[in-house]
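Reminder, nothing fancy here: chain letters follow the sequence lines and each chain counts from 1. We use all heavy atoms of the structure for the numbers below, so side chains are in, but hydrogens, waters and symmetry mates are not.
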Amino acid sequence: MIDKLIDLISGAVKDYTGAESVPPFTIAVSAGESHGDFSTGVAFNLAGALQQAPYDIASEIAQRLRPHTDLIDRIDVARPGHINFFMSDAFWQRGLRYILERQSDYGKNDTGRGKSALIEFVSANPTGPIHVGHGRGAVIGDVLSRIMAASGYSVTREYYVNDAGNQVLSLGYSVLNEYYRINDIDRTASMPGEYQGRYIHSISRTLDAVLPPAEINEENIRSITEFSVKSILGDERRALPDSNIKQVLQKFNIAFDTWFSEKRLYMDGSISGVIGELEKRRAVKYDDGATWFLSTLYGDEKDRVLRKQSGEFTYFASDIAYHVDKYRRGYDVLINIWGADHHGYLPRLRAALRALGYDADRLAVMFVQMVRLMRGDRPVAMSKRAGEYVTLEELIDEVGTDAVRFFFLQRSHGSQLVFDIDLAKRQSQENPVYYVQYAHARIASIFGYALTKGWDIDKVDLQTGYAFHNQEKRLLAHCLIYPEVIKDIVVKREPHRLPYYLMELVGVLHRYYTDTRVVGDDRTTGQRLLLMKMVKIVLKNALDMLGIGAPEKM
RNA sequence: GUGCCUGUAGCUCAGUUGGAUAGAGCAACAGCCUUCUAAGCUGUGGGUCGCGCGUUCGAAUCGCGCCAGGCACACCA
């Protein structure tokens, strides 16, 4: 419906400018009644190019819109150049019907039709439980995936498993040493292992599931390491009950399509392959017994090691191979969601991709800023090595999946966020998410009551000739703008806009509920029930996008 | 030192391809349930949009310079 309005405006703009294309502009629900139902600032966007006052441009556009008035009652031009639309009852009727007919499809669009997208997120090292910071990236990636899928993209959600290299080896040693300790075996492995915590203890206690006690020693460190990784990921049958990653993500309402193993890149020769390719392209040097990528030739500030003196590949080398693999799989859109602490890493990855002849601009990286955990006034020390940190699982067990997701989504990913655990726990019943969910439950409750009065929401028909009052137009306007919000989130890659949209919509709903009786007067009950149904559809669809429940009862 | 992110109400944060009186939640205060869920609604107080200069008809938004906080600057991942 709003796209009709957008088309009308675009037509009028073309009519006036004589140009083929129209600069991007937005339609917004107006700030107040005097500003009409919807507004656009398209004249401001044109002012620069046309070298005219926005107000004059707006007037010209409005003139050319006036003939198309079956959907619009009145068009106002307001200084300094806003165009305000007062919509007709016919528009509202058609809008209501439009949403009711589409139901769970309402809000979907086809801007990504025919395009595929790979979204890589979380990718936490399988050396310990995932923590709160991972949770933030997890929700942002998940919601972006949902919204892009609803926009027609064929979306693949991928988790890159760093199951190779020194850190997982260190995990294996940590487990082995713990095994020695709890069994009073007087041996020390050649490496101490840097991980501690309850989960190390738990894994060591189940080691005998893979190896007979006599073989639990350093000679089998590879098996021990592999078992430890599987336990943490959740791939082992006897996976940790208290911290396996897949289980926690499931609890957090997040699912992945693919789990990409770094180890695989070692096994199948991909890493040597890309290094060979870089050599061919003369982007490699040998120095100090190591193999270097000449990344300075491609915009990085210093050259980077691909293969260490020891003969091992660096993480960077395998990561190049991983991203080459992504490109070869042929996605139209590649999105990585990384912790902000990795931002300095991007230039070298882009350099490598460019050196290999790939279009590095096709890879978009969203940097999610840190979560600072507080307990009241006290910052919570986050020491992964010491095993002293709040896991994502602990947080969602105490605060609830819906609330944690909503809280993480309310902030733009570029801002650090302070998460006060005490506050989140204490306010678990007054969290903003309940404000939104309550609206959904309230509407469900109205329908229940209506049924007792003989109104079955599934059997109410749309009437023509019902004149919506102002608050109802506000409800309609907010519901009708929803598809634009979804499109906007995809374009800007800013999922946090959706919670804000919901807060606004729900505010209008709660006020309407307080002021207007839905079930009562025979002349109005039917239409008002349909309005409630419309809002419920939008709430449900938007909450689905957020991966948050839409309860019928609270 | 260099690069990236951030600085908006007491707190946590929206708002930045420049535009209508700068917003929300929480916290504070005062009201609203014989009527569809009060997890709600209404009202009040609360702001030098870090500071300065500049560009502009117009700046929280753009440019430059400061100040403050976070993160990153490995043959770790």
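- By the rule that a glycosidic angle within 90° of 0 means syn, B/C33 counts as syn.
- Nucleotides B/C67 and B/G25 are separated by 30 Å at their C1' atoms, to the nearest Å.
- Between A/K308 and B/A77 there is a side-chain N or O to OP1 or OP2 distance below 4.0 Å.
- Residue A/F447 is classed as having no contact, given no heavy-atom separation below 4.0 Å to the nucleic acid.
- You won't find any donor-acceptor pair under 3.5 Å spanning the side chain of A/H82 and the base of B/G19, going by distance alone.
- Among the nucleotides B/A77, B/G19, B/U17, the one closest to the side chain of A/R348 is B/A77.
- Rounded to a whole Å, the CZ atom of A/R79 is 18 Å from the C1' atom of B/U21.
- Nucleic acid contact for A/K553: base, since at least one base atom lies under 4.0 Å from a heavy atom of the residue.
- Closest contact between the side chain of A/V519 and the listed nucleotides B/G19, B/C36, B/A39 involves B/C36.
- A/K285 places its NZ atom 11 Å from the P atom of B/C75, with the value rounded to the nearest Å.
- The distance between atom CZ of A/R442 and atom C1' of B/C36, rounded to the nearest whole Å, is 9 Å.
- The aromatic rings of A/F121 and A/F256 are tilted relative to each other, their planes meeting at an angle between 30° and 60°.
- Rounded to an integer number of Å, the gap from A/E120 CD to B/A77 P is 16 Å.
- Between B/A14 and B/C62, the two P atoms lie 15 Å apart (nearest whole Å).
- Classification of the A/F316-A/Y345 ring pair by plane angle, with boundaries at 30° and 60°, yields perpendicular.
- If you take atom C1' in B/U48 and the same atom in B/U44, they sit 23 Å apart, rounded to whole Å.
- Looking at heavy atoms from C-beta onward, A/K533 lies in side-chain contact with A/F447 at the 4.5 angstrom threshold.
- Without hydrogens or angle criteria, A/R497 side chain to A/V485 main chain gives no donor-acceptor distance under 3.5 Å.
- Not a single donor-acceptor pair under 3.5 Å links the side chain of A/S228 to the backbone N or O of A/L171.
- With distances taken from any side-chain atom of A/V518 to the nucleotides B/C36, B/A72, B/C76, the minimum falls on B/C36.
- Comparing the C1' positions of B/A60 and B/G19 gives a spacing of 13 Å, expressed to the nearest Å.
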Indicate for each nucleotide in nucleotides 5-15 of chain B, in 5' to 3' sequence, whether protein heavy atoms under 4.0 Å reach the base (B), only the sugar-phosphate (S), or nothing (-).
SS-----BSSS
Take A/V143 and A/I489 through the test side chain to side chain contact (heavy atoms under 4.5 Å, CB included) and record every step on the way to the result.
CA-CA 10 Å; A/V143 172; A/I489 289 169; over 6 Å; no
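- Comparing B/A20, B/A39, B/A77 by their nearest atom to the side chain of A/N166 picks out B/A77.
- Along RNA chain B, the nucleotide nearest to A/V305 and the one nearest to A/H35 differ in position, and the one closer to the 5' end is contacted by A/H35.
- Distance check, rounded to the nearest 0.5 Å: OH of A/Y466 to CZ of A/R523 gives 10.0 Å.
- Rounded to an integer number of Å, the gap from A/H478 NE2 to B/A24 C1' is 13 Å.
- Distance, A/L373 CG to B/G70 P: 16 Å, rounded to whole Å.
- A/P23 comes within 4.0 angstrom of nothing in the nucleic acid, heavy atoms only.
- Nearest-nucleotide positions on RNA chain B for A/E262 and A/T514 put A/T514 closer to the 5' end.
- Out of B/A74, B/G25, B/A72, the shortest distance to the side chain of A/P432 is found at B/G25.
- One can place CG of A/D341 at 8 Å from P of B/C73, the figure rounded to the nearest angstrom.
- Taking the six-membered ring for Trp and thresholds of 30 and 60 degrees, A/H343 and A/F367 have ring planes more than 60 degrees apart, a perpendicular arrangement.
- The interatomic distance linking A/L46 (CG) with B/G18 (P) rounds to 13 Å, in whole Å.
- Here A/H510 lies in heavy-atom contact (under 4.0 Å) with sugar-phosphate atoms only.
- The C1' atoms of B/U55 and B/A77 are separated by 46 Å, rounded to the nearest whole Å.
- Within the 4.0 angstrom heavy-atom criterion, no nucleotide atom of any strand lies near A/D163.
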Side-chain atoms of residues 75-82 of chain A: list all donor-acceptor pairs with protein atoms under 3.5 Å, sequence neighbours left out, distances to 0.1 Å.
from, atom 1, to, atom 2, distance (Å)
A/D76, OD1, A/R74, NH1, 3.0
A/D76, OD2, A/R74, NH1, 2.9

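- Between B/U16 and A/K492, no contact under 4.0 Å exists linking OP1 or OP2 to a side-chain N or O.
- In this structure, of B/C75, B/C36, B/A20, it is B/C75 that holds the atom nearest to the side chain of A/D288.
- Counting non-hydrogen atoms under 4.0 angstrom, A/F367 reaches nothing in the nucleic acid.
- B/A9 and B/C26 are spaced 12 Å apart, taking the C1' atom of each and rounding to whole Å.
- A/A31 comes within 4.0 angstrom of nothing in the nucleic acid, heavy atoms only.
- The separation of B/C71 from B/C75, taken at their C1' atoms, amounts to 23 Å, rounded to a whole angstrom.
- Ring planes of A/H510 and A/Y435: tilted class, angle from 30 to 60°.
- Residue contacts for A/E312: at a heavy-atom cut-off of 4.0 Å it reaches no nucleic acid atom on any strand shown.
- If you take atom P in B/C32 and the same atom in B/A22, they sit 32 Å apart, rounded to whole Å.
- The side chain of A/P80 has B/A20 as its nearest neighbour among B/A20, B/G40, B/A74.
- At least one cation-pi condition fails for A/R348 and A/F293: the charged atom is not both under 6.0 angstrom from the six-membered ring centre and inside a 45 degree cone around its axis.
- Annotation: cation-pi pair A/R411/A/F407 present, NZ/CZ under 6.0 Å from the ring centroid and within 45° of its normal.
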side-chain hydrogen bond (donor to acceptor under 3.5 Å, both in side chains) for A/Q167 and A/T127? Distances and angles first, verdict last.
CA-CA 7 Å; A/Q167 299 214 339; A/T127 51; 5.1 Å; no
Before giving the answer on salt bridge (Lys or Arg N to Asp or Glu O under 4.0 Å), spell out for A/R264 and A/D325 the whole-Å C-alpha distance, their side-chain angles and the decisive distance to 0.1 Å.
CA-CA 11 Å; A/R264 197 185 99 191; A/D325 188 277; 3.7 Å; yes
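- Counting non-hydrogen atoms under 4.0 angstrom, A/T516 reaches a base of the nucleic acid.
- At B/C41, one or more side-chain N or O atoms of A/Y435 fall inside 4.0 Å of OP1 or OP2 (strictly under the cut-off).
- A sub-4.0 Å separation between OP1 or OP2 of B/C75 and a side-chain N or O of A/R304 is absent.
- For RNA chain B, runs of at least 3 consecutive pairs of the Watson-Crick or G-U wobble type, with both hydrogen-bonding distances under 3.5 angstrom, map to B:1-7 with B:67-73, B:10-13 with B:23-26, B:28-32 with B:40-44, B:50-54 with B:62-66.
- With distances taken from any side-chain atom of A/M370 to the nucleotides B/U17, B/C71, B/A77, the minimum falls on B/C71.
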